[in-house]
Number of protein chains: 2
Amino acid sequence: MHNNIRKNIEAKLNQRLTAAEFEKLSGWFVPIQLENKVQFVNENQISRNLYFVDSGATHTFIIDKKGELHTVQFGFEGYWIGDMYSFFSGKPAIFNVETLEPTTLFAMNYVDFEKACKQITKFEMFFRILVQNGYLNSLQRIASTFSEDAEQRYLSLIKKQPDLLQRVPQYLVASYLGIKPQSLSRIRQKLVKKK
Amino acid sequence: MHNNIRKNIEAKLNQRLTAAEFEKLSGWFVPIQLENKVQFVNENQISRNLYFVDSGATHTFIIDKKGELHTVQFGFEGYWIGDMYSFFSGKPAIFNVETLEPTTLFAMNYVDFEKACKQITKFEMFFRILVQNGYLNSLQRIASTFSEDAEQRYLSLIKKQPDLLQRVPQYLVASYLGIKPQSLSRIRQKLVKKK
DNA sequence: ATTTTTCGTTCACATAGGTTAAGAACGTAT
DNA sequence: ATACGTTCTTAACCTATGTGAACGAAAAAT
């Protein structure tokens, strides 16, 4: 049941978990089944869970002062998601997370997370790597936002995740790229003509 | 000598270090004095150091394909800087870091960092908090880039760091905001007239 | 099956920010 | 004091993206 988590951790660590370690971890990850369009993390509400996406898709987003939605990140099979700020500080979340398909998650609460870090050094290492990678990715995303135009960002994105447009509505892809749906439509039209 | 580091760690942890812990840590942080305009982390070169800015100022930046500079972050007294990617992976850095004033740093190398994490749990906790905060800040910066125009971002920035323009050249502030120096000049002129 | 809502496209027009270029202000070296 | 390089400003023009609106297609609800 928890095999995808195991594979994911072992791949990032480049190291295997023992049967005992895996068994302990499994106990701390509770499966959750959600329908499409279910929001399970809410801005301004406390969310002391860390989630692993076993199957399905999610998006993490904020709503700005003008009421506009901005996608911070998508989450597919094998992604770790949630509101880290709330998870660690115990204060209300700053992001929202919602499913984009029927989705199976594994959730670990903060108390178990602390146990896991203490009892299983490999998990603590794994998690450190996870946060570091997330941090670096977001720094590079800032850099690319400033150095590339929307067309280039779009091309990089579909190169990196060719199935993205098949799985999430185009207006959310636009919100991830930092542009309006109409602009993404225009960019796509221009690219078709170029060929 | 290492008092600023101590204060910084204790403040973030909200917990004091014992004399023994502090003494150990002090031994691992090597002071470095640099002149203005010294680049001490280079893209494509390995940099397995973590730096604490004791006094002075730095900026972390990338150069894009068009040869243009983009500031990723500034570092002043009490900031922790360096190229985390290289620090952890041992691979070449993806960022550059340079002084903007005569600067005093404390450097910790990766081997000592690992010792510190193992021997001083508080340091390990502290560092985890540091990376998490960095990650969250960068996610929020992405959100603000998409939801605010350059004028609003400029106003938020000088509100948060009123002395920034006194300490770093305006073209670097522009590169941090993601605009050209001419555009920042135009925005500033417009703001003066508004008053 | 029909209606209603959501989503993607297209277009005309508006605007923020980029580009180029020139000159002013300032700092530093001579 | 003079000259040189660097930074900042200003202005005219250009371009990518935003805005608002209309339409058709697809999806969801009835």
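The basis for the numbers below is simple: all heavy atoms, side chains too, and nothing from hydrogens, waters or symmetry mates. Chain A is the first sequence line, chain B the second, and so forth, proteins listed ahead of strands; every chain is numbered from 1. Predicted model only: the values in this text are computed from it and were never measured.
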### Task
Determine the interplanar angle of the B:Phe113 and B:Phe123 rings, folded into 0 to 90°, and report it as parallel if under 30°, tilted if 30 to 60°, perpendicular if over 60°.
perpendicular
### Query
Which pairs with one or both residues in residues 33-45 of chain A pass side chain to side chain donor-acceptor pair (under 3.5 Å), sequence neighbours excluded?
A:Gln33-A:Thr104, A:Gln39-A:Asn42, A:Gln39-A:Asn96, A:Glu43-A:Asn96
### Query
What is the bend of the helix from C:dA1-D:dT30 to C:dT30-D:dA1 when you compare the axis at one end with the axis at the other, using five pairs each and rounding to 10°?
50°
### Task
Name all residues meeting the salt bridge (Lys or Arg N to Asp or Glu O under 4.0 Å) criterion together with B:Glu68; count only those two or more places apart in sequence or in a different chain, and write none if there are none.
B:Lys180
#### Entry: Heavy atoms of other groups near B:Lys66 NZ, more than 12 under 6.0 Å
yes
### Query
At their closest point, which heavy atom of B:Asp112 faces which heavy atom of B:Asn109, and how far apart are they?
N-OD1, 2.9 Å
### Positional range of nucleotides in DNA chain C within the contact set of chain A, heavy-atom, under 4.0 Å
C:dC7 to C:dT10
Below 3.5 Å, can you tabulate the donor-acceptor pairs from side chains in residues 81-93 of chain A to any protein atom, sequence neighbours excluded?
from	atom 1	to	atom 2	distance (Å)
A:Asp83	OD1	A:Tyr85	N	3.2
A:Asp83	OD1	A:Ser86	N	2.8
A:Asp83	OD2	A:Ile94	N	2.9
A:Asp83	OD2	A:Phe95	N	2.8
A:Ser86	OG	A:Ser47	N	2.8
A:Ser86	OG	A:Lys91	O	2.6
A:Ser89	OG	A:Tyr85	O	2.7
A:Ser89	OG	A:Lys91	N	3.0

### Summary
Contacts of A:His70 meeting ring-ring contact (aromatic ring centres under 6.0 Å, His included) (sequence neighbours excluded), chain-then-number -> none
Just the atom pairs and distances: protein N or O near nucleotides 11-17 of chain D's N or O, under 3.5 Å.
from	atom 1	to	atom 2	distance (Å)
D:dT17	OP1	A:Ala150	N	2.7

### Query
Quick one: ring pair (Phe, Tyr, Trp, His ring centres under 6.0 Å) pairs with a partner in residues 153-191 of chain A, sequence neighbours left out?
A:Phe74-A:Tyr176
### Query
Which pairs, with at least one residue in residues 71-80 of chain B and sequence neighbours excluded, count as a side chain to side chain donor-acceptor pair (under 3.5 Å)?
B:Asn8-B:Trp80, B:Thr71-B:Ser175, B:Glu77-B:Arg167, B:Tyr79-B:Gln161
### Query
For A:Glu114, which residues count as a side-chain hydrogen bond (donor to acceptor under 3.5 Å, both in side chains) partner, sequence neighbours excluded?
A:Tyr110
## Note on the structure
Sorted by chain and number, sequence neighbours left out, side-chain hydrogen bond (donor to acceptor under 3.5 Å, both in side chains) with A:Asp149 holds for none
Would you tabulate the pairs of protein nitrogen or oxygen atoms and nucleotide nitrogen or oxygen atoms of nucleotides 4-8 of chain D closer than 3.5 angstrom?
from	atom 1	to	atom 2	distance (Å)
D:dT7	OP1	B:Tyr171	OH	3.1
D:dC8	OP1	B:Gln170	N	2.7
D:dC8	OP2	B:Gln170	N	3.4
D:dC8	OP2	B:Tyr171	N	3.1

### Query
Do the side chains of B:Leu184 and B:Leu100 join up, straight or via other hydrophobic residues, at under 4.5 Å, putting them in one cluster?
yes
